Amino acid sequence: MDQHLNTLPQDRQNFGSLDGDRPVERLADDQLGYGDFARALARSIASLTPSEGIVLAVNGAWGSGKTSAVNMVIEALGEPDKKSTRNGQIIVVHFNPWWFSGQENLTRAFFSEVAAALDSKVSNKIINGLRTLATRVSDSSDIATSVFDFVPGGSIFKGIVGALLKAVGVAAQKEESLFAAREKLRTALRDQRASILVVIDDIDRLTPEEARQIFRLVKSVADLPQVIYVLLFDRKIARLALSDPRDEAGPEWLEKIVQAAFDLPPVHRVDLYRLFDKGLGALVGDLKIPDQTRWMNVFHDAVAPWLTTPRDVGRLLNALRVSWPPIAGELDFADFVAIETLRLFEANLYGFIRDNRDALTGLSDREEASTGQKLLALVNSESREGVKEALTRLFPRLEKTWENHGYSGEFVAVWDRERRICSARHFPTYFRFGIDNEVISRSALESFVANIADQAYVLEKVAENAAVVRPSGGTRAAILLEDLLGLTSTIPEDRVPAAILSLFGASEHFLNPADERGDFMSFPAIWRVWWVINNLLKRLDDEVRAQTLRKAFDSCPSLSLLRYALSGFRSALGRDPEKPERSGRPEISDAICDELEGKFRDRLRAAASNGSLRQATNLIGLLLDWLTLDSESIVSNWVQDTLKDDSGAVQLAKAATQVVRSQGFGDRAVSEHPAVRRGTLQSLLDVDTLLQRLASIAPKTTDAATLQIINDFRRGLEAREL
């Protein structure tokens, strides 16, 4: 594979076009090393004196480029030193029986095509002779009208005279024997200076019966003078087609029909790779491949083994022309080319991979031999070692199964950042052929990181992503958080403080109701936000970190995030009353912690004063923290005032009711039910007083949401007391 793939060629003119497996037309376009073969065969054809007709064959595996090679032969025949021995023109006639596959009579199609190609290039005697011969060798019942196909404009007369011919019969035409008709045609051909080269292609694409029909046809006209036939087929397929149980000598027809056979020269692997390289370059343009070594490893182990013919190369390039543009640049290039290779050439293996994400992505703490066995059972025994090499390149987890080699946890973050197929989060996109709401586009993510110091920009983009609901639940803001976790180290040092403030400023959108809790198996959104921010805080020196936190505690709209951050600082300093021992390395000093606590207290007082505290996420937790930071009477007075207001009482009840998820032994489903912790609430308010207030509110309201909150509070309290 050419080394220049580190930056692929910039020719993108054929980005979206399919090549249709088109053969090469000119010697100048030869990329398979067939040029010398073509010129040599052209010299041989030009030197022939086909007094009795000659049948040649070009043998090659299906998809090996036989048509391309013969096209180059025909071009070489036109070169100055390639003249026939009769010093006349060589007229080339192409006949592809595959185009007529399924028709009643390939013989008629053959003579029709030959006559049309020779019209005005040879004498009328030859045209008439071909027409007459067609009526003798064809077994079609309507051949009497079909002879007009061989005459220019004949289709106009066919309909007019068809009925007449049927009425009078064709006895007159049959008066002349087949032998006499052949002799007339042979004489006409000998008098013609031009030699005729008839190329019959794609015989190996025909059904067995159609292939036998073509070989019978060639056998019947093989001795016509001045005519050279070149048959193109895969010898193995042709012999199989001729293996008719009714004719034991069927396969020997080839030796009886063909006077000289030429095997297509083998295509060197390096030429196939260069052909693929060029096509790939035209597809992806100036795409940068960051890890050239890995691309080469993946190509040689997971792509190249399946590229054995030019047609294989064309098929894979055509597949990529369709599947790559919708996700261009969004996934790991090497992995995508590899999985597309398996989709095209190993359909069963591809299907298993697509349906078994959890068994193939990430890491496992145990050996899963069954997965490896299932994978290898889907391919033939000769391919299994190669498939092992391919799959371990794509899914490092399998190295534990097949090579007893494991990876540490930090590799998962790297694979996720590189958008590898072994990343559980990016795995589905390799099979969707497009970017959806489960993925942030690479360009959008790069733009976000580049502008992360711009608080207004970050706020706008986080809000946009929080507004996009994912089919699997939650919003795309959660995906943005996941991506940012792996990119904190890429933010330039001088932008880190501003980046922290931007993330604090957009925190309420990250902590939206759809993402804040997370699902049964995921982490709450508030944890994820803090992980991203804390990773950035660790990059700052003590003074800059303290100054950045002061600004964040003054301006962050989310009191819940400030509470969570303060809780972590307290725990690291050993200031958590419930866990007095230190937990982790302190990121701030006790003095800075005191200062931040004071700022947090002031923010709570301000929120209580302007009414926004009632709507705050995790209101009960905020009130409990306020109790530890301020006068008990100030907090108690606010709670009592809130209880007097109907909407305030309902808001307190809603905040006090948690949703508990549980799963019984043997159950597959997770159940949810409300829970209220009386003991936790007692330090803030009298629970029975709240119950009485709710009982007085219920009869007065028709609002379904309010009634649901009241009912859940009652049920949650009863459940806890049981």
Side-chain angles (χ1 to χ4, degrees), residues 455-456 458-460 462-463 466-467 477 500-517 525-526 529-530 533 547-567 569-570 593-658 680-681 683-686 689-690 693-694 697 701 703 705-706 709-710 713:
Q455 293 188 39
V458 170
L459 181 61
E460 177 188 353
V462 176
I500 293 171
L501 294 176
S502 293
L503 295 173
F504 268 115
S507 56
E508 285 200 319
H509 293 294
F510 280 127
L511 303 180
N512 64 78
D515 293 325
E516 196 283 330
R517 178 178 176 85
I526 197 168
V529 174
W530 181 244
I533 291 175
Q547 186 61 30
T548 303
L549 286 169
R550 290 187 188 102
K551 293 178 180 178
F553 271 67
D554 284 337
S555 61
C556 177
S558 173
L559 295 175
S560 293
L561 181 58
L562 295 181
R563 174 177 179 264
Y564 188 83
L566 197 55
S567 173
F569 295 146
R570 284 170 164 176
C593 190
D594 289 339
E595 190 177 346
L596 296 180
E597 285 179 340
K599 287 180 175 293
F600 185 51
R601 179 200 61 215
D602 293 342
R603 292 289 307 278
L604 289 169
R605 286 179 178 177
S609 177
N610 63 30
S612 62
L613 185 59
R614 286 188 182 185
Q615 285 77 37
T617 305
N618 196 13
L619 174 59
I620 300 301
L622 291 172
L623 293 176
L624 291 171
D625 266 21
W626 192 10
L627 274 177
T628 68
L629 298 172
D630 211 344
S631 166
E632 182 178 346
S633 61
I634 293 177
V635 179
S636 179
N637 289 338
W638 183 87
V639 172
Q640 294 308 313
D641 288 342
T642 303
L643 272 172
K644 294 175 184 178
D645 178 69
D646 286 356
S647 63
V650 172
Q651 286 167 333
L652 284 171
K654 180 180 180 181
T657 306
Q658 297 176 307
T680 301
L681 295 176
S683 59
L684 290 172
L685 54 84
D686 183 80
T689 300
L690 177 56
R693 288 286 295 117
L694 296 174
I697 294 169
T701 183
D703 181 63
T706 298
I709 291 170
I710 294 172
F713 182 81

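Here the structure is a predicted model, which means the values were calculated and not measured. All residue numbers refer to positions in the sequence shown, counting from 1.
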Pairs where residues 606-616 contributes a residue and the test salt bridge (charged side-chain N to carboxylate O under 4.0 Å, His left out) is met, not counting sequence neighbours: R614-D645

Closest approach of A649 to L690 (non-hydrogen atoms, all atoms of both residues): O-CD1, 3.7 Å

Gap between atom CH2 of W530 and atom CG of L561 - 0.5 Å precision: 7.0 Å

Spatial distance of atom CG (D703) from atom CD1 (I697) [nearest 0.5 Å]: 11.5 Å

Closest non-hydrogen atom pair, L459 against A506: CD1-CA, 3.9 Å

Spacing of CG belonging to L652 relative to CD1 belonging to I620, to within rounding of 0.5 Å: 6.0 Å

No-hydrogen, no-angle side-chain donor-acceptor test under 3.5 Å, N610 and S612: yes

CD on E595 to CZ on R550, rounded to 0.5 Å: 4.0 Å

Residues D646, R693; criterion salt bridge (charged side-chain N to carboxylate O under 4.0 Å, His left out); working and verdict: CA-CA 8 Å; D646 286 356; R693 288 286 295 117; 2.6 Å; yes

Check: R603 side chain, C556 main-chain N or O, donor-acceptor pair, under 3.5 Å: yes

Main-chain N/O of S560 paired to T617 side chain as donor or acceptor, under 3.5 Å: no

Minimum heavy-atom distance L559-F600, with the two atoms named: O-CE1, 3.6 Å

Atom of L596, atom of F553 and distance for their closest heavy-atom approach: O-CD2, 3.7 Å

L501 versus A552, closest heavy-atom pair with distance: CD2-N, 3.6 Å

More than 12 heavy atoms from other groups under 6.0 Å of NZ on K654: no

